[in-house]
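Take a look at the structure below.
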Amino acid sequence: VDTIGGRANVEADIDEFHVEFGGLVQDTHARDAQYSEVLSGDLRRSSRVAQPYFNRVLLGRIVVTKSWDSGLTFTSATSLGDRSARDQFDASSRNMQLVGYQVRRTSTSFAQEVRLAKNSSRGRFAWVVGASCETAMRRPARSVLPTRRPSWMKSPMSRTARQCLVKPRYQSPESWT
C-alpha cells in the first residue's frame, strides 16, 4: 500500500480582514487488497484475480473574518471537497473463467456559511444571524471485467442540497451570568 499526501494552512491579515486558507491532498493505492478469509486459513485468501484499489481525497477551505471595535464580527467560511476511488474485486467462481468486478466512485461537496454576530459583555444584547448552504454530488459506476477494456455501467447520479437560515438569537444581559 502506498500513501502520499500533505496538508497546508496559511493565515494572513489582508487590509482589515483575517483570512485562513487550508488544503489537504492524499492518494492511496495498492496493487492488491490486503485481507484474508476465515475459510482460507490463517492470513490467506483464495481470490484468483488481483484486487487493486485507488483513493484520492482533495479538500480546500477559506475562512474570512472581520471584526469591528463595536463587537460586531462578520465570518464567511467556504469549503470544497473532491474524492475519487476505484476498487476491483474477484467475482470468479471456482469453476468459471476469471471475472473481475470494478467500482468507480467520485463525489464532490461544496459548503458556504456566512454569519454576523454581536458579542458584547457590557451591551444590552448579544446576537447572531447567518445562512449556510451545502451541496454534494455522487457519481458511481460499475463494470464487469472479463476483458482488459471495461464497459462502464453508470449508476444514477445523486445530488443533495441543503440551505439553512440561522434565526437571530438574542441574549439578555441577565442570562450572561
Side-chain angles (χ1 to χ4, degrees), residues 1-12 14 17-65 75-115 130-166:
V1 177
D2 296 318
T3 302
I4 188 168
R7 65 181 176 182
N9 195 51
V10 177
E11 294 185 37
I14 303 170
F17 292 91
H18 181 75
V19 183
E20 296 178 31
F21 298 96
L24 173 137
V25 61
Q26 180 175 305
D27 282 351
T28 304
H29 58 90
R31 289 185 298 233
D32 202 3
Q34 298 178 334
Y35 74 93
S36 62
E37 298 170 329
V38 174
L39 299 176
S40 297
D42 292 336
L43 300 177
R44 290 191 225 161
R45 68 166 205 229
S46 60
S47 66
R48 299 184 304 168
V49 175
Q51 299 182 72
Y53 63 90
F54 168 81
N55 187 15
R56 172 176 290 144
V57 177
L58 303 167
L59 301 171
R61 71 177 183 92
I62 180 170
V63 179
V64 179
T65 307
T75 304
S76 172
T78 305
S79 66
L80 182 64
D82 186 69
R83 178 178 179 261
S84 58
R86 187 177 57 246
D87 301 286
Q88 182 173 307
F89 305 98
D90 182 5
S92 308
S93 67
R94 298 225 184 264
N95 53 6
M96 273 183 64
Q97 70 178 23
L98 298 177
V99 177
Y101 178 70
Q102 196 172 66
V103 179
R104 253 188 349 197
R105 296 175 309 282
T106 58
S107 61
T108 304
S109 64
F110 171 80
Q112 172 68 53
E113 177 184 352
V114 177
R115 67 180 175 270
S132 68
C133 69
E134 178 182 343
T135 182
M137 189 170 24
R138 290 183 23 196
R139 297 170 301 280
R142 295 166 180 80
S143 177
V144 176
L145 299 168
T147 65
R148 288 197 165 271
R149 301 201 66 174
S151 172
W152 292 102
M153 300 169 282
K154 295 198 174 193
S155 299
M157 179 178 67
S158 67
R159 173 176 259 153
T160 304
R162 226 178 1 193
Q163 294 80 33
C164 176
L165 179 63
V166 178

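Numbers here simply count residues along the sequence, with the first being 1.
- For Ile4, the CD1 atom sits in a loose shell: 12 or fewer heavy atoms of surrounding residues, nucleotides or ligands are nearer than 6.0 Å.
- Arg138 and Ser107 make their closest contact through CG-CB, 4.0 Å (heavy atoms, listed as atom of the first residue, atom of the second, distance).
- The two atoms that bring Asn55 and Ala85 nearest to each other are OD1-CB, 3.9 Å, heavy atoms only.
- Glu20 contributes atom CD, which lies 6.5 Å from atom OG1 of Thr65 (distance to the nearest 0.5 angstrom).
- Judged by distance alone, the side chains of Thr106 and Arg139 do bring a donor and an acceptor atom under 3.5 Å apart.
- Residues passing the salt bridge (Lys or Arg N to Asp or Glu O under 4.0 Å) test with Asp82: none are found, sequence neighbours excluded.
- Looking at every heavy atom in both residues, Ser109 comes nearest to Leu80 through O-CD1, 3.2 Å.
- Nearest approach of Gly22 to Asn9, heavy atoms of both residues: CA-OD1, 3.5 Å.
- The distance from the CG atom of Asp2 to the CZ atom of Arg31 is 7.5 Å, given to the nearest 0.5 Å.
- Separation of atoms CZ (Phe21) and CZ (Arg61) is listed at 10.5 Å; rounding is to 0.5 Å.
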Apply side chain to side chain contact (heavy atoms under 4.5 Å, CB included) to the pair Glu113 and Glu134, showing each step before the final yes or no.
CA-CA 9 Å; Glu113 177 184 352; Glu134 178 182 343; over 6 Å; no

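- Only one option out of Gln102, Gln51, Arg105 pairs with Asp87 in a side chain to side chain donor-acceptor pair (under 3.5 Å); it is Arg105.
- Residue Arg115 holds its CZ atom at 4.5 Å from OG1 of Thr75, rounded to the nearest 0.5 Å.
- The OG atom of Ser84 sits 5.0 Å away from atom CZ of Phe54, with the distance rounded to the nearest 0.5 Å.
- Each of Ser79, Ser132, Ser76 was compared with Gln112 under the side chain to side chain contact (heavy atoms under 4.5 Å, CB included) criterion, and only Ser76 meets it.
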